[in-house]
Enquirer: 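The structure under discussion is supplied below as structure tokens; questions concerning it will follow.
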Number of protein chains: 2
Amino acid sequence: MRKNAKFDRDQVVDKATNLYWEKGFHATSMRNLQDVIDMRPGSIYATFGSKEGLFKEALIRYTEQSLALLQACRRDAASPIEGLKRFIKKIVIDSQTNAPNGMCMLAKTVAELGDENAELLAQAKQSLQRLEGEFEVLIADAQAIQEVADTKSAHELARHIQIQISGLRVYAKTHGPEAPLDSLIDDLFLHYPF
Amino acid sequence: MRKNAKFDRDQVVDKATNLYWEKGFHATSMRNLQDVIDMRPGSIYATFGSKEGLFKEALIRYTEQSLALLQACRRDAASPIEGLKRFIKKIVIDSQTNAPNGMCMLAKTVAELGDENAELLAQAKQSLQRLEGEFEVLIADAQAIQEVADTKSAHELARHIQIQISGLRVYAKTHGPEAPLDSLIDDLFLHYPF
DNA sequence: TACTACTTTGAACGATCGCTCAATTTTATC
DNA sequence: GATAAAATTGAGCGATCGTTCAAAGTAGTA
């Protein structure tokens, strides 16, 4: 008696995420999205409710992908800090060329949106805090194996890492490939506060 | 034989800058601008050419104001580094409540725009580099009076400051007033690489 | 005061925006 | 194969977008 959706929701959200990530919320039109995800307006609105609804889902997808990447980096690396370093190089350096946009989609959203899109703004902030929390877990793991001195506060170190990532991504976008990003990231863990 | 413009161009550009700064390029409509600067479309287009033309002028105005603020901070402070620190506190902490937007308008623009607005993007990048250059001058001055060890590279220290400012502003927007911004900024100059 | 070069006005253009919904198509069930 | 519930379509809604331009207004010169 019922007909199931024929589109692959994950694929659709992925494509929408990449477009939103590339162009930002306001510069992405529903018609852009219709083309990219190959759905007609009625289907999109039946499924996601609104442009904001789809964007929110995109933010959540982006966050899941970022957390998965962090876990993958940690798994492939010899230690927690090596994993964290690998993650940072991936998102700061590789995403300048591979990704839809060199900037973090969450930071971009926090920068772009205001009170008129309070729910999206709150989602982006929460996701950034979630990522920072994962950094803290990784750093605590590093302290447990004496890779990082446990006299330091994992919470403060995670905050420091979060600030460095945001700063480096803006810097990379501003200065292009000439910026010595690789050594800047290596230096992160060689000096204070580490 | 000629009639002079009756509006005050500086005031107009100031108001446009504040609106663009608050809302970003795409979310600001010409009708928003018409209201805020109290000019009719024909006058705006005769004077600035296009929405992009006015935004470019706003970017330049914002940059001039930032440079002026940096000079004022330096003048009012006891030393170059104290002046730089005062500047950073003003733009990272005070502008969370005083300014149209807690984010740097230039970083916001670099994050928002893509190749479709190449000229504006280039202007924003250039302005960010200009500011970084002024940081370097200030740091070199500090080295000349032994406030900073001259074994360090003023260029690299300026880059470090630029990265910290971008990172801190995103962090401040994400975490609100609970973030210990004041002590984070004090710490900037107490530890590596200073 | 009349002239004229310049500025300012605001209605309105075509394009596009986010979104709706009646009509159609599809498919699981009996 | 008939039925009906759900999914999909796409024309098109009203609003707003950036922009134009003929007309009206204004001020410096003669």
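In the text below, chain A, chain B and the rest are named by the order of the sequence lines, each starting its count at 1.
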Enquirer: Send over the distance from A:Asp35 CG to D:dT9 P, rounded to a whole Å.
Expert: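 Spelled out: CG on A:Asp35 to P on D:dT9 is 13 Å.
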
Enquirer: Using the test side-chain contact (heavy atoms from CB on, under 4.5 Å), find all partners of B:Asn18 that sit at least two apart in sequence or belong to another chain.
Expert: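 Expected list: B:Trp21, B:Pro100.
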
Enquirer: Take the protein atom CG of B:Leu33 and the nucleotide atom P of D:dT16, then report the distance between them rounded to whole Å.
Expert: 16 Å

Enquirer: How many Å lie between CE on B:Met30 and P on C:dT9, as a whole number?
Expert: 14 Å

Enquirer: Taking the nucleotide of DNA chain C with the nearest heavy atom to each, does A:Asn32 or B:Thr47 sit closer to the 5' end?
Expert: B:Thr47

Enquirer: I want to confirm an ordering. Mapping A:Gly42 and A:Ser29 to their closest nucleotides on DNA chain C, which one lands closer to the 5' end?
Expert: A:Ser29

Enquirer: Report yes if the side chains of A:Phe87 and A:Arg74 come closer than 4.5 Å at any heavy-atom pair, otherwise no.
Expert: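 A side-chain contact is absent here, since even the closest heavy-atom pair is not under 4.5 Å.
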
Enquirer: Between C:dA12, D:dG12, C:dT20, which nucleotide gets closest to the side-chain atoms of A:Pro41?
Expert: C:dT20

Enquirer: Any side-chain heavy-atom pair from B:Ile81 and B:Phe194 closer than 4.5 angstrom?
Expert: yes

Enquirer: Please determine whether a side-chain nitrogen of the Lys or Arg among B:Glu134 and B:Arg130 lies less than 4.0 Å from a carboxylate oxygen of the Asp or Glu.
Expert: yes

Enquirer: I need the NZ-C1' distance between A:Lys23 and C:dT16, as an integer number of Å.
Expert: 13 Å

Enquirer: Cut-off 3.5 Å, side chains only: do A:Arg9 and A:Thr47 have a donor facing an acceptor?
Expert: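 No pair is found: no donor N or O on one side chain lies under 3.5 Å from an acceptor on the other.
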
Enquirer: Tell me which nucleotide among D:dC17, C:dG10, C:dT8 gets nearest to the side chain of B:Arg40.
Expert: C:dG10

Enquirer: Provide, to the nearest angstrom, the distance between the CZ atom belonging to B:Phe48 and the C1' atom belonging to D:dT19.
Expert: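 Interatomic distance, CZ of B:Phe48 to C1' of D:dT19: 16 Å.
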
Enquirer: Nearest-nucleotide wise, let me know which of B:Lys51 and A:Ala46 is further upstream toward the 5' end of DNA chain D.
Expert: A:Ala46

Enquirer: Base, sugar-phosphate, or nothing for A:Thr28, non-hydrogen atoms under 4.0 angstrom?
Expert: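 It contacts sugar-phosphate atoms only.
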
Enquirer: Applying a 4.0 Å non-hydrogen cut-off, can you work out what B:Ser43 is touching in the nucleic acid: base, sugar-phosphate, or nothing?
Expert: base

Enquirer: Provide, to the nearest angstrom, the distance between the OH atom belonging to A:Tyr45 and the C1' atom belonging to D:dT8.
Expert: 16 Å

Enquirer: For A:Arg31 and D:dA11, what is the distance between atoms CZ and P respectively, to the nearest whole Å?
Expert: 12 Å

Enquirer: Between C1' on D:dC17 and CD1 on B:Ile44, what's the gap in Å once rounded to a whole number?
Expert: 14 Å

